[in-house]
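Remarks on the structure that follows.
In what follows, every chain begins at residue 1, and chains take the letters A, B, ... in the order their sequences are listed. Note that these values count all heavy atoms, side chains included, but never hydrogens, waters or copies made by symmetry.
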Number of protein chains: 2
Amino acid sequence: MARTYRYARPSIAVDIVVLTIRHEVLQVLLIRRGIEPFKGKWALPGGFVRVEGGRSGLGESLDAAARRELREETNLDVDEVWLEQLHAFGAPARDPRGRVISVAYLAVVSPERFGQVAAATDADDTRWVPADDPPALAFDHPEILAFALGHLRRRLDQDPRMAFHLVPRELTIGDLRRVYEIIERTTYDKANFRRRFLRLVDEGKIERVAGQQATGGRPAAVYRLVE
Amino acid sequence: MARTYRYARPSIAVDIVVLTIRHEVLQVLLIRRGIEPFKGKWALPGGFVRVEGGRSGLGESLDAAARRELREETNLDVDEVWLEQLHAFGAPARDPRGRVISVAYLAVVSPERFGQVAAATDADDTRWVPADDPPALAFDHPEILAFALGHLRRRLDQDPRMAFHLVPRELTIGDLRRVYEIIERTTYDKANFRRRFLRLVDEGKIERVAGQQATGGRPAAVYRLVE
DNA sequence: CCAAAAGTGTTCTCACTACACCCATGT
DNA sequence: ACATGGGTGTAGTGAGAACACTTTTGG
């Protein structure tokens, strides 16, 4: 035990890039800082990892810290969120308070599930803003946000599960296509996108559910992600 | 400054999964621990991040710590190494000395460039071992190694730069094919692999250099990665 | 009827596969 | 001569792009 103490120690934090799609725009959740440093500026939700207390006396895991901060700061139903570690940011001067290393997380939530946060949208201290055009951010949070967006865009094709957390649990093919188009900032041919989607049905990853959904045109078939 | 100190702090370490191909096998570099805990056991090279001293008084970045540890523990020419952050491991009890969070790195070196390490291969305390069949490892290093191998195999196709760090600077198509076959644990049709490779030449990522290389059969054309 | 969005069909291209074959070198 | 690996040619398959078309709803 003693050996560890020969080394100076940093503080360790988690910062969470919470993304959703609102009003056809990819948005990120920000919190206005109430204390120094960067008081009054916008920042990603996050906080320090607890490294003592709890069952083991050694605190919580990084994932647990991310989930806890998310719950405390955003009122999200954390169990419904896609949460994934991104990268550790450790530039020596990234925090004016001293040496703080931050482990960044990506959280992806669907519009239907952020009810509690939506309520806070009007609040002065919590706000959804366009992810590609955020206000000035505290610390190195611009870098973290850019990393998260790059990650999301790279991963979207490879792992469709992430995209499914941005749509309602029961979705139409058009719903999913709009998510892809907004994130990738392109358009997809609806016939070709449909065929790609239907392959996932063949593979058993998605199943059709009964009923239809009104759309403004012909009603659409409804699908659901298979657990 | 004071605010930071309200929170207990963990120690923060870097651990590096150094991979190369020797004798047609993917191998990882291990170090035998000379001190407790896990004294006498094999472990990944690594150590604590310096968070004081240096120019800023705040210590070194995570990347710098990884490079420094790599240099100190392996004698590698660190400038020639592909180094990439993988993941932060922060389970509360992963280190018996107390709360230690480790940021894992992947380092990829080519056989032609590990001269100094090769010398140490016979040493009692530094050894290359098959990456898919390592001895018992200290801490959560089995998990870190598995993560690194998964990462390497997933990334290999998407970013050919990584593979190029496993071959000599001047290489034949066959050299690269053998690297892919060893890592992916399959075989590739040589004609088809060749065409895939030649597309990289068309794209300007690789260029042909003068001369040929003896191979045991017909001599092979020599290529080089364009900086 | 018309707009809007779902859903179908057809064609082209391109990459990856498999496999047969030719070429240049060492022994 | 023959084994060995580099290098070439070709036909098949499957995914994606492009685009014209039909279907079903709401207004």
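Interatomic distance, B:R32 CZ to B:W42 CH2, rounded to the nearest 0.5 Å: 4.5 Å.
Checking A:D157 against A:Y180 by side-chain atom types alone, no donor-acceptor pair falls below 3.5 Å.
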* side chain to side chain donor-acceptor pair (under 3.5 Å) evaluation trace for A:E80 with A:H165 -> CA-CA 8 Å; A:E80 293 290 338; A:H165 285 261; over 6 Å; no
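The stretch residues 168-182 of chain A does not touch DNA chain D, since none of its heavy atoms comes less than 4.0 Å from the strand.
With rounding to whole Å, A:F193 atom CZ is found 16 Å from C:dA5 atom P. One interatomic measurement links the two molecules: CZ of A:F197 to P of C:dA6, which rounds to 12 Å at whole-angstrom precision.
For A:R71, there are no side-chain hydrogen bond (donor to acceptor under 3.5 Å, both in side chains) partners at least two apart in sequence or on another chain. Scanning for ring pair (Phe, Tyr, Trp, His ring centres under 6.0 Å) contacts around A:F139 gives A:F38, A:H141, with sequence neighbours left out.
Using a 4.0 Å cut-off between a side-chain N of Lys or Arg and a carboxylate O of Asp or Glu, B:R169 and B:D175 do not qualify as a salt bridge. Using a 4.0 Å cut-off between a side-chain N of Lys or Arg and a carboxylate O of Asp or Glu, A:D202 and A:R196 do not qualify as a salt bridge.
Between A:R194 and C:dT8 there is a side-chain N or O to OP1 or OP2 distance below 4.0 Å.
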* Asked: In B/S/- notation, 5' to 3', how is nucleotides 9-19 of chain C contacted by protein heavy atoms closer than 4.0 Å?
  -> BB----SSBBB
* What string of B, S and - do you get for nucleotides 22-27 of chain D, 5' to 3', when a contact is any protein heavy atom under 4.0 Å? -> -BBB--
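Put simply, the side chain of A:S102 does not reach to within 4.5 Å of the side chain of A:V14, judged on heavy atoms.
Residue B:L166 is tested with B:V109, B:I183, B:L171 for a side-chain contact (heavy atoms from CB on, under 4.5 Å); the sole match is B:I183.
Judged as a salt bridge (charged side-chain N to carboxylate O under 4.0 Å, His left out), the pairs with a partner in residues 144-154 of chain B (not counting sequence neighbours) are, in order, B:D132-B:R153.
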